[in-house]
Peer 1: 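Just dropping this structure here.
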Amino acid sequence: MGNRQADIDFTFQLPTTVRALLDVLTPAGWAAEERLGRISYMINDADDMYEWYDNAPDRLDAVLAELDSTANLPYSVALNIYHAQGRTGGMLVFSAQRREVSFLPTINRRRIPDAPKFTDLAWYLHALVPSLLWAGLEGYEAREDPND
């Protein structure tokens with residue numbers, strides 16, 4: 001199906017936290033625990049190394065505290081989230097200072113049934129935007145690039 005990249009870039013009125021977004025997304029069916037029963041997260045530290053980590057679900061509070069720590073505010077961080085009912089998920093990538101957050105559908109990406117080379121961005125928007133309004137969502141931009 002090619003090497004297409006899809007993402008949704010969200011902008012928030014004020015800086016947000018990983019915990020705040022997970023808290024509003026959880027009632028809508030999203031979870032930090034992936035299908036394999038693990039939590040995956042990333043911290044891009046001062047060495048500009050995108051280090052991915054894997055942890056058990058019972059360590060979620062510690063993971064969220066680390067991602068949201070003031071020491072990590074200058075760096076991008078990410079948390080994989082999964083929607084069990086939708087059988088899909090992806091990365092929430094938080095930019096430094098946390099007003100911009102991107103979602104990349106990287107786990108069992110949903111496709112448009114009659115146009116399978118395209119990502120069903122409408123499904124992801126419907127599953128994410130209503131909840132993110134409660135966290136101060138100001139706007140979003142959704143796109144799919146055929147050449148990535």
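Positions are given from 1 along the sequence. Not measured: the values here are computed from a predicted model.
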Peer 1: Which heavy atom of Val18 sits nearest a heavy atom of Asp68, and at what distance?
Peer 2: N-OD1, 2.7 Å
Peer 1: Heavy-atom distance under 4.5 Å between the side chains of Arg87 and Tyr82, does that happen here?
Peer 2: yes
Peer 1: Between Trp30 and Phe103, how do the two ring planes meet: parallel, tilted or perpendicular, split at 30° and 60°?
Peer 2: perpendicular
Peer 1: I want to check something: taking the side chain as every heavy atom from C-beta on, are Phe94 and Thr17 in contact at a cut-off of under 4.5 Å?
Peer 2: no
Peer 1: Restricting to non-hydrogen atoms, name the atom on Arg38 and the atom on Asp54 that form the minimum distance, rounded to 0.1 Å.
Peer 2: NE-OD2, 3.0 Å
Peer 1: Would you find a donor on one side and an acceptor on the other, under 3.5 Å apart, between the side chain of Asp9 and the backbone of Glu100?
Peer 2: no
Peer 1: Please examine the side chains of Leu132 and Leu25, heavy atoms only from C-beta on, and report whether any two atoms are closer than 4.5 Å.
Peer 2: yes
Peer 1: Looking at Ala28 and Ala127, what are the two nearest heavy atoms and their distance?
Peer 2: CB-O, 4.3 Å
Peer 1: Would you compute the distance between atom CE of Met42 and atom OG of Ser76 and round it to the nearest 0.5 angstrom?
Peer 2: 6.0 Å
Peer 1: For the atom pair OG (Ser131) and CG (Asp23), what is the distance rounded to the nearest 0.5 Å?
Peer 2: 11.5 Å
Peer 1: Please examine the side chains of Arg109 and Leu104, heavy atoms only from C-beta on, and report whether any two atoms are closer than 4.5 Å.
Peer 2: no
Peer 1: Within the 4.5 Å heavy-atom criterion, are Arg143 and Leu121 side-chain neighbours or not?
Peer 2: no
Peer 1: Can you see whether Tyr124 engages Thr88 through a side-chain donor-acceptor pair at a distance of less than 3.5 angstrom?
Peer 2: yes
Peer 1: Judged by atom type as modelled, is there a donor-acceptor pair below 3.5 Å linking the side chain of Arg111 to the main-chain atoms of Thr119?
Peer 2: no
Peer 1: Nearest 0.5 angstrom please: Lys117 NZ to Ile112 CD1, how far?
Peer 2: 11.0 Å
Peer 1: Which atom pair, heavy atoms only, marks the closest approach of Ile39 to Pro57?
Peer 2: CD1-CA, 3.4 Å
Peer 1: Quick check: closest heavy atoms across Leu67 and Tyr41, and the distance to 0.1 Å?
Peer 2: CD2-CD1, 3.8 Å
Peer 1: Which pair of non-hydrogen atoms, one from Pro74 and one from Ala96, has the smallest distance, and what is that distance?
Peer 2: O-CB, 3.3 Å
Peer 1: Given Ser40, which partner from the list Ile107, Ile81, Leu79, Asn80 fulfils the side chain to side chain contact (heavy atoms under 4.5 Å, CB included) test?
Peer 2: Asn80
